[in-house]
Protein chains: 2
Amino acid sequence: EKQIVSGVTMVKGEAKITLRGVKDHPGVAASVFGALADERIIVDMIVQNIADDGKTTDITFTVPDEEYERAIKALKAASDRFEYDAISGSKGSAKISVIGVGMRSHAGVASSMFKALADKGINIQLITTSEIKTSVLIDEEYGELAVRSLHSFYGLDKEEN
Amino acid sequence: EKQIVSGVTMVKGEAKITLRGVKDHPGVAASVFGALADERIIVDMIVQNIADDGKTTDITFTVPDEEYERAIKALKAASDRFEYDAISGSKGSAKISVIGVGMRSHAGVASSMFKALADKGINIQLITTSEIKTSVLIDEEYGELAVRSLHSFYGLDKEEN
Ligand SMILES: C[C@@H](O)[C@H](N)C(=O)O
Ligand SMILES: C[C@@H](O)[C@H](N)C(=O)O
(Lines give C-alpha, C1' and ligand atoms only; values in the text may rest on other atoms or scores of the structure.)
(Ligands and ions follow the chains in the order given, each with its own letter.)
Protein backbone atom coordinates (compact mmCIF):
# COMPACT_ATOMS: atom_id res chain seq x y z
CA GLU A 1 0.00 0.00 0.00
CA LYS A 2 3.01 2.28 0.07
CA GLN A 3 2.56 3.33 -3.54
CA ILE A 4 -1.12 4.18 -2.97
CA VAL A 5 -0.44 6.98 -0.47
CA SER A 6 0.58 10.24 -2.11
CA GLY A 7 0.55 12.68 0.80
CA VAL A 8 0.08 13.41 4.49
CA THR A 9 -1.44 16.68 5.73
CA MET A 10 -1.99 18.29 9.13
CA VAL A 11 -4.39 21.01 10.30
CA LYS A 12 -3.64 22.19 13.85
CA GLY A 13 -5.85 24.30 16.08
CA GLU A 14 -9.00 22.25 15.61
CA ALA A 15 -11.57 22.26 18.42
CA LYS A 16 -13.89 19.25 18.78
CA ILE A 17 -17.47 19.59 20.01
CA THR A 18 -19.72 16.59 20.77
CA LEU A 19 -23.48 16.63 21.26
CA ARG A 20 -24.30 13.57 23.36
CA GLY A 21 -27.63 11.77 23.16
CA VAL A 22 -29.38 13.45 20.21
CA LYS A 23 -32.55 11.73 18.96
CA ASP A 24 -32.05 9.47 15.95
CA HIS A 25 -35.00 11.01 14.05
CA PRO A 26 -35.07 12.64 10.61
CA GLY A 27 -34.46 16.39 10.95
CA VAL A 28 -32.18 16.39 13.99
CA ALA A 29 -28.90 16.75 12.08
CA ALA A 30 -30.49 19.46 9.93
CA SER A 31 -31.45 21.43 13.07
CA VAL A 32 -27.99 21.13 14.66
CA PHE A 33 -26.12 22.33 11.57
CA GLY A 34 -28.85 24.81 10.71
CA ALA A 35 -28.22 26.49 14.07
CA LEU A 36 -24.48 26.65 13.33
CA ALA A 37 -25.05 27.89 9.77
CA ASP A 38 -27.29 30.70 11.07
CA GLU A 39 -24.29 31.94 13.06
CA ARG A 40 -21.99 31.44 10.05
CA ILE A 41 -19.78 29.04 12.02
CA ILE A 42 -17.05 27.37 9.96
CA VAL A 43 -17.42 23.60 10.40
CA ASP A 44 -14.69 21.19 9.27
CA MET A 45 -15.21 17.50 10.15
CA ILE A 46 -18.64 16.04 10.97
CA VAL A 47 -18.89 12.54 12.44
CA GLN A 48 -21.95 10.61 13.56
CA ASN A 49 -21.94 6.89 14.28
CA ILE A 50 -24.84 4.39 14.19
CA ALA A 51 -27.22 4.80 17.14
CA ASP A 52 -26.55 2.09 19.72
CA ASP A 53 -30.09 1.59 20.91
CA GLY A 54 -31.83 2.85 17.76
CA LYS A 55 -32.98 5.85 19.77
CA THR A 56 -30.08 8.26 20.39
CA THR A 57 -26.58 8.87 19.10
CA ASP A 58 -23.73 11.42 19.39
CA ILE A 59 -22.72 13.99 16.77
CA THR A 60 -19.19 15.44 16.78
CA PHE A 61 -17.91 18.26 14.62
CA THR A 62 -14.74 20.34 14.53
CA VAL A 63 -14.29 24.09 14.21
CA PRO A 64 -11.18 26.29 14.27
CA ASP A 65 -10.10 26.84 17.92
CA GLU A 66 -11.10 30.50 17.69
CA GLU A 67 -14.72 29.58 16.84
CA TYR A 68 -15.10 27.19 19.80
CA GLU A 69 -16.90 29.50 22.23
CA ARG A 70 -19.17 30.93 19.55
CA ALA A 71 -20.14 27.42 18.37
CA ILE A 72 -20.96 26.24 21.91
CA LYS A 73 -23.05 29.40 22.45
CA ALA A 74 -24.93 28.82 19.14
CA LEU A 75 -25.80 25.25 20.16
CA LYS A 76 -26.97 26.25 23.63
CA ALA A 77 -29.07 29.08 22.20
CA ALA A 78 -30.74 26.61 19.81
CA SER A 79 -31.57 23.95 22.38
CA ASP A 80 -35.28 24.45 21.71
CA ARG A 81 -34.70 23.15 18.15
CA PHE A 82 -33.22 19.78 19.17
CA GLU A 83 -32.80 17.77 22.36
CA TYR A 84 -29.47 16.48 23.71
CA ASP A 85 -28.13 15.12 26.99
CA ALA A 86 -24.86 17.09 27.13
CA ILE A 87 -22.33 19.09 25.14
CA SER A 88 -18.65 18.28 25.57
CA GLY A 89 -15.59 19.49 23.77
CA SER A 90 -12.10 20.95 23.85
CA LYS A 91 -9.62 22.94 21.79
CA GLY A 92 -6.15 21.90 20.72
CA SER A 93 -6.58 18.92 18.39
CA ALA A 94 -4.88 18.28 15.08
CA LYS A 95 -6.46 16.68 12.01
CA ILE A 96 -4.01 14.31 10.30
CA SER A 97 -5.00 13.08 6.82
CA VAL A 98 -3.47 10.41 4.59
CA ILE A 99 -4.31 10.92 0.92
CA GLY A 100 -4.22 8.36 -1.87
CA VAL A 101 -6.25 7.16 -4.80
CA GLY A 102 -7.65 3.67 -4.28
CA MET A 103 -7.74 3.93 -0.46
CA ARG A 104 -11.32 2.65 -0.40
CA SER A 105 -10.44 -0.85 -1.42
CA HIS A 106 -7.54 -1.23 0.98
CA ALA A 107 -8.20 -1.90 4.66
CA GLY A 108 -4.42 -2.21 4.60
CA VAL A 109 -3.85 1.52 4.07
CA ALA A 110 -6.12 2.44 6.98
CA SER A 111 -4.59 -0.19 9.26
CA SER A 112 -1.04 0.89 8.38
CA MET A 113 -1.88 4.52 9.13
CA PHE A 114 -3.38 3.55 12.48
CA LYS A 115 -0.38 1.27 13.22
CA ALA A 116 2.18 4.00 12.43
CA LEU A 117 0.42 6.26 14.98
CA ALA A 118 0.02 3.46 17.55
CA ASP A 119 3.76 2.70 17.37
CA LYS A 120 4.39 6.22 18.69
CA GLY A 121 1.75 5.88 21.41
CA ILE A 122 -0.56 8.38 19.66
CA ASN A 123 -4.22 7.89 20.54
CA ILE A 124 -6.82 8.28 17.76
CA GLN A 125 -9.75 10.39 19.03
CA LEU A 126 -11.93 10.39 15.88
CA ILE A 127 -11.83 8.76 12.42
CA THR A 128 -13.51 9.80 9.18
CA THR A 129 -12.82 8.62 5.62
CA SER A 130 -13.62 9.32 2.01
CA GLU A 131 -12.60 7.38 -1.09
CA ILE A 132 -9.26 9.13 -1.34
CA LYS A 133 -8.54 10.29 2.18
CA THR A 134 -8.46 8.90 5.75
CA SER A 135 -8.47 11.56 8.51
CA VAL A 136 -8.00 11.19 12.24
CA LEU A 137 -8.13 13.67 15.13
CA ILE A 138 -5.30 13.51 17.66
CA ASP A 139 -3.94 15.72 20.43
CA GLU A 140 -2.14 18.51 18.57
CA GLU A 141 1.03 18.17 20.63
CA TYR A 142 1.64 14.90 18.72
CA GLY A 143 1.05 16.59 15.35
CA GLU A 144 4.61 16.88 14.04
CA LEU A 145 5.54 13.42 15.35
CA ALA A 146 2.48 11.93 13.58
CA VAL A 147 3.31 13.57 10.25
CA ARG A 148 6.98 12.54 10.44
CA SER A 149 6.07 8.92 11.33
CA LEU A 150 3.57 8.67 8.50
CA HIS A 151 5.95 10.31 6.00
CA SER A 152 8.67 7.84 6.83
CA PHE A 153 6.33 4.84 6.95
CA TYR A 154 4.99 5.62 3.46
CA GLY A 155 8.42 6.50 2.14
CA LEU A 156 7.35 10.06 1.32
CA ASP A 157 10.44 11.64 2.83
CA LYS A 158 12.88 10.27 0.26
CA GLU A 159 14.52 12.80 -2.08
CA GLU A 160 13.84 10.83 -5.23
CA ASN A 161 10.09 10.65 -4.47
CA GLU B 1 -24.63 27.38 -1.06
CA LYS B 2 -26.32 26.08 -4.18
CA GLN B 3 -23.43 27.03 -6.42
CA ILE B 4 -20.93 25.23 -4.15
CA VAL B 5 -22.42 21.75 -4.74
CA SER B 6 -21.36 20.18 -8.02
CA GLY B 7 -22.69 16.65 -7.73
CA VAL B 8 -24.59 13.99 -5.81
CA THR B 9 -23.57 10.30 -5.86
CA MET B 10 -25.04 7.08 -4.51
CA VAL B 11 -23.47 3.69 -3.76
CA LYS B 12 -26.07 1.02 -2.95
CA GLY B 13 -25.47 -2.39 -1.43
CA GLU B 14 -23.34 -1.18 1.47
CA ALA B 15 -23.33 -3.23 4.67
CA LYS B 16 -22.56 -1.49 7.96
CA ILE B 17 -20.71 -3.22 10.81
CA THR B 18 -20.26 -1.67 14.27
CA LEU B 19 -17.86 -2.81 16.99
CA ARG B 20 -19.33 -1.63 20.28
CA GLY B 21 -17.20 -0.76 23.28
CA VAL B 22 -13.63 -0.99 21.95
CA LYS B 23 -10.89 0.38 24.26
CA ASP B 24 -9.81 3.93 23.52
CA HIS B 25 -6.09 3.02 23.60
CA PRO B 26 -3.42 3.48 20.92
CA GLY B 27 -3.25 0.38 18.72
CA VAL B 28 -6.88 -0.72 18.87
CA ALA B 29 -7.93 0.73 15.50
CA ALA B 30 -4.75 -0.72 13.95
CA SER B 31 -5.67 -4.21 15.23
CA VAL B 32 -9.26 -4.02 13.99
CA PHE B 33 -8.33 -2.96 10.46
CA GLY B 34 -5.23 -5.14 10.47
CA ALA B 35 -7.52 -8.17 10.98
CA LEU B 36 -9.68 -7.04 8.05
CA ALA B 37 -6.66 -6.30 5.84
CA ASP B 38 -5.27 -9.81 6.54
CA GLU B 39 -8.47 -11.20 4.99
CA ARG B 40 -8.26 -8.67 2.12
CA ILE B 41 -11.68 -7.27 3.02
CA ILE B 42 -12.68 -4.19 1.00
CA VAL B 43 -13.55 -1.42 3.46
CA ASP B 44 -15.31 1.77 2.34
CA MET B 45 -16.37 4.21 5.10
CA ILE B 46 -14.75 4.20 8.55
CA VAL B 47 -16.32 6.23 11.36
CA GLN B 48 -15.26 6.53 15.00
CA ASN B 49 -16.59 9.19 17.35
CA ILE B 50 -15.00 10.64 20.51
CA ALA B 51 -15.12 8.21 23.46
CA ASP B 52 -17.90 9.26 25.86
CA ASP B 53 -16.23 8.19 29.07
CA GLY B 54 -12.65 8.44 27.81
CA LYS B 55 -12.45 4.67 28.09
CA THR B 56 -14.41 3.03 25.25
CA THR B 57 -15.96 4.01 21.95
CA ASP B 58 -17.62 2.39 18.90
CA ILE B 59 -16.06 1.91 15.44
CA THR B 60 -18.29 1.50 12.37
CA PHE B 61 -17.16 0.63 8.87
CA THR B 62 -18.93 -0.31 5.66
CA VAL B 63 -18.18 -3.11 3.20
CA PRO B 64 -19.98 -4.26 0.04
CA ASP B 65 -23.03 -6.40 1.02
CA GLU B 66 -21.34 -9.50 -0.39
CA GLU B 67 -18.37 -9.11 2.03
CA TYR B 68 -20.56 -8.79 5.13
CA GLU B 69 -20.35 -12.38 6.40
CA ARG B 70 -16.61 -12.63 5.68
CA ALA B 71 -15.95 -9.36 7.53
CA ILE B 72 -17.94 -10.45 10.60
CA LYS B 73 -16.06 -13.77 10.59
CA ALA B 74 -12.69 -12.01 10.35
CA LEU B 75 -13.52 -9.81 13.36
CA LYS B 76 -14.74 -12.73 15.47
CA ALA B 77 -11.64 -14.77 14.59
CA ALA B 78 -9.42 -11.85 15.69
CA SER B 79 -11.13 -11.20 19.02
CA ASP B 80 -7.89 -12.10 20.82
CA ARG B 81 -6.27 -9.03 19.22
CA PHE B 82 -8.75 -6.46 20.56
CA GLU B 83 -11.61 -6.42 23.06
CA TYR B 84 -15.16 -5.33 22.29
CA ASP B 85 -18.59 -5.65 23.90
CA ALA B 86 -20.60 -6.61 20.82
CA ILE B 87 -20.68 -6.61 17.02
CA SER B 88 -23.80 -5.35 15.27
CA GLY B 89 -24.55 -4.69 11.65
CA SER B 90 -26.79 -5.17 8.64
CA LYS B 91 -26.80 -5.15 4.83
CA GLY B 92 -28.82 -2.92 2.55
CA SER B 93 -27.66 0.62 3.14
CA ALA B 94 -26.85 3.29 0.58
CA LYS B 95 -24.08 5.86 0.82
CA ILE B 96 -25.25 9.26 -0.47
CA SER B 97 -22.53 11.88 -1.05
CA VAL B 98 -22.78 15.59 -1.85
CA ILE B 99 -19.66 16.93 -3.55
CA GLY B 100 -18.46 20.52 -3.76
CA VAL B 101 -15.36 22.60 -3.38
CA GLY B 102 -15.48 24.88 -0.32
CA MET B 103 -17.82 22.60 1.66
CA ARG B 104 -15.56 22.81 4.69
CA SER B 105 -16.35 26.40 5.44
CA HIS B 106 -20.10 26.08 5.05
CA ALA B 107 -22.20 24.55 7.81
CA GLY B 108 -24.94 25.69 5.47
CA VAL B 109 -24.16 23.06 2.84
CA ALA B 110 -24.23 20.26 5.39
CA SER B 111 -27.41 21.52 7.02
CA SER B 112 -29.15 21.93 3.64
CA MET B 113 -28.22 18.36 2.66
CA PHE B 114 -29.56 17.05 5.98
CA LYS B 115 -32.71 19.19 5.63
CA ALA B 116 -33.43 17.94 2.07
CA LEU B 117 -33.31 14.37 3.41
CA ALA B 118 -35.34 15.20 6.54
CA ASP B 119 -38.09 16.76 4.40
CA LYS B 120 -38.62 13.32 2.83
CA GLY B 121 -38.57 11.58 6.21
CA ILE B 122 -35.21 9.93 5.46
CA ASN B 123 -33.23 9.07 8.60
CA ILE B 124 -29.47 9.61 8.59
CA GLN B 125 -27.70 6.56 10.08
CA LEU B 126 -24.07 7.74 9.80
CA ILE B 127 -22.24 10.92 8.74
CA THR B 128 -18.68 11.42 7.52
CA THR B 129 -17.11 14.41 5.78
CA SER B 130 -14.00 15.56 3.99
CA GLU B 131 -13.12 19.02 2.68
CA ILE B 132 -15.00 18.49 -0.59
CA LYS B 133 -17.57 15.83 0.26
CA THR B 134 -20.27 15.09 2.85
CA SER B 135 -21.48 11.46 2.94
CA VAL B 136 -24.34 9.90 4.84
CA LEU B 137 -25.57 6.32 5.17
CA ILE B 138 -29.31 5.74 4.78
CA ASP B 139 -31.63 2.76 4.21
CA GLU B 140 -31.07 1.87 0.55
CA GLU B 141 -34.78 1.77 -0.24
CA TYR B 142 -34.71 5.58 0.06
CA GLY B 143 -31.70 5.86 -2.26
CA GLU B 144 -33.34 7.11 -5.46
CA LEU B 145 -35.63 9.47 -3.53
CA ALA B 146 -32.62 10.92 -1.70
CA VAL B 147 -30.66 11.53 -4.90
CA ARG B 148 -33.68 13.10 -6.65
CA SER B 149 -34.41 15.38 -3.67
CA LEU B 150 -30.80 16.53 -3.43
CA HIS B 151 -30.50 17.04 -7.19
CA SER B 152 -33.57 19.23 -7.23
CA PHE B 153 -32.63 21.10 -4.04
CA TYR B 154 -29.20 22.01 -5.45
CA GLY B 155 -30.63 22.75 -8.88
CA LEU B 156 -28.53 20.04 -10.51
CA ASP B 157 -31.39 18.65 -12.55
CA LYS B 158 -31.76 21.66 -14.80
CA GLU B 159 -30.79 21.24 -18.43
CA GLU B 160 -28.78 24.43 -18.61
CA ASN B 161 -26.66 23.33 -15.60
C1 LIG C 1 -28.96 11.81 14.43
C2 LIG C 1 -29.45 12.39 13.15
O3 LIG C 1 -28.53 12.21 12.10
C4 LIG C 1 -30.79 11.86 12.68
N5 LIG C 1 -30.75 10.45 12.43
C6 LIG C 1 -31.20 12.64 11.44
O7 LIG C 1 -31.54 12.08 10.47
O8 LIG C 1 -31.15 13.81 11.43
C1 LIG D 1 -10.53 3.54 19.43
C2 LIG D 1 -9.20 3.60 18.75
O3 LIG D 1 -9.23 4.54 17.68
C4 LIG D 1 -8.04 3.97 19.65
N5 LIG D 1 -8.23 5.27 20.23
C6 LIG D 1 -6.76 3.91 18.84
O7 LIG D 1 -6.01 4.81 18.84
O8 LIG D 1 -6.52 2.96 18.18
Side-chain angles (χ1 to χ4, degrees), chain A residues 16 18 20 24-37 39-52 58-61 88 97 104-108 110-137, chain B residues 16 18 20 24-37 39-52 58-61 88 97 104-108 110-137:
Chain A
K16 57 182 189 273
T18 302
R20 298 286 179 196
D24 188 19
H25 296 156
V28 168
S31 301
V32 170
F33 292 95
L36 294 165
E39 300 298 320
R40 309 193 70 73
I41 305 264
I42 294 176
V43 170
D44 183 14
M45 304 167 89
I46 301 173
V47 171
Q48 175 209 317
N49 209 329
I50 307 283
D52 195 350
D58 302 333
I59 294 179
T60 296
F61 62 94
S88 59
S97 304
R104 172 177 181 278
S105 53
H106 290 268
S111 78
S112 60
M113 175 189 188
F114 302 153
K115 177 98 176 66
L117 298 175
D119 288 349
K120 301 291 179 198
I122 299 174
N123 193 50
I124 297 167
Q125 300 174 352
L126 188 85
I127 305 172
T128 177
T129 60
S130 76
E131 284 74 9
I132 60 166
K133 180 186 288 198
T134 299
S135 298
V136 298
L137 207 65
Chain B
K16 56 183 190 270
T18 302
R20 298 287 178 194
D24 189 18
H25 296 156
V28 168
S31 301
V32 169
F33 291 96
L36 294 165
E39 299 298 320
R40 309 194 68 72
I41 305 264
I42 294 177
V43 170
D44 182 16
M45 303 167 89
I46 302 173
V47 171
Q48 176 209 318
N49 210 328
I50 307 282
D52 195 350
D58 303 332
I59 294 180
T60 296
F61 62 93
S88 59
S97 303
R104 176 178 176 283
S105 53
H106 290 268
S111 79
S112 61
M113 175 190 189
F114 303 154
K115 175 100 178 64
L117 297 174
D119 287 350
K120 301 292 180 198
I122 299 172
N123 192 50
I124 297 166
Q125 300 174 352
L126 187 83
I127 304 172
T128 177
T129 60
S130 75
E131 285 72 9
I132 59 168
K133 181 188 285 199
T134 300
S135 298
V136 298
L137 206 66

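Each chain gets a letter, A, B and so on, in the order the sequences are listed, and its residues count up from 1.
- Taking each heavy atom of Val47(A) and Asn49(B) in turn, the nearest pair found is O-ND2, 3.5 Å.
- Without hydrogens or angle criteria, Thr128(B) side chain to Thr128(A) main chain gives no donor-acceptor distance under 3.5 Å.
- Looking at Lys120(A), there are no atoms closer than 4.5 Å to chain B (heavy atoms on both sides), in backbone or side chain.
- Your options are Ala116(A), Ala30(A), Gly27(A), Ala51(A), and the one with the most heavy-atom pairs under 4.5 Å with chain B is Ala30(A).
- In plain terms, the two heavy atoms of Met45(A) and Thr129(B) that are nearest each other are CA-OG1, 3.4 Å.
- For chain B, the nearby part of Lys133(A) is the side chain; its heavy atoms alone come within less than 4.5 Å.
- Interface residue Thr60(B): backbone and side-chain heavy atoms are both found under 4.5 Å from chain A.
- For the pair Gly121(B) and Pro26(A), the tightest heavy-atom approach, listed with the atom from each and the gap, is O-CG, 3.6 Å.
- Atom-to-atom distance recorded for Gln125(A):CD and Asp24(B):CG is 8.0 Å, nearest 0.5 angstrom.
- Proximity to chain B involves both the backbone and the side chain of Ala29(A), based on heavy atoms less than 4.5 angstrom apart.
- For the set Ile46(A), Ile59(A), Leu36(A), the count of heavy-atom pairs under 4.5 angstrom toward chain B peaks at Ile46(A).
- Between the CZ atom of Arg20(B) and the CD1 atom of Ile50(A) there is a distance of 7.5 Å, given to the nearest 0.5 Å.
- In this structure, no portion of Asp119(B) lies under 4.5 Å from any heavy atom of chain A.
- Heavy atoms only, all atoms of each residue included: Phe33(B) and Ser111(A) are closest at C-CB, 3.3 Å.
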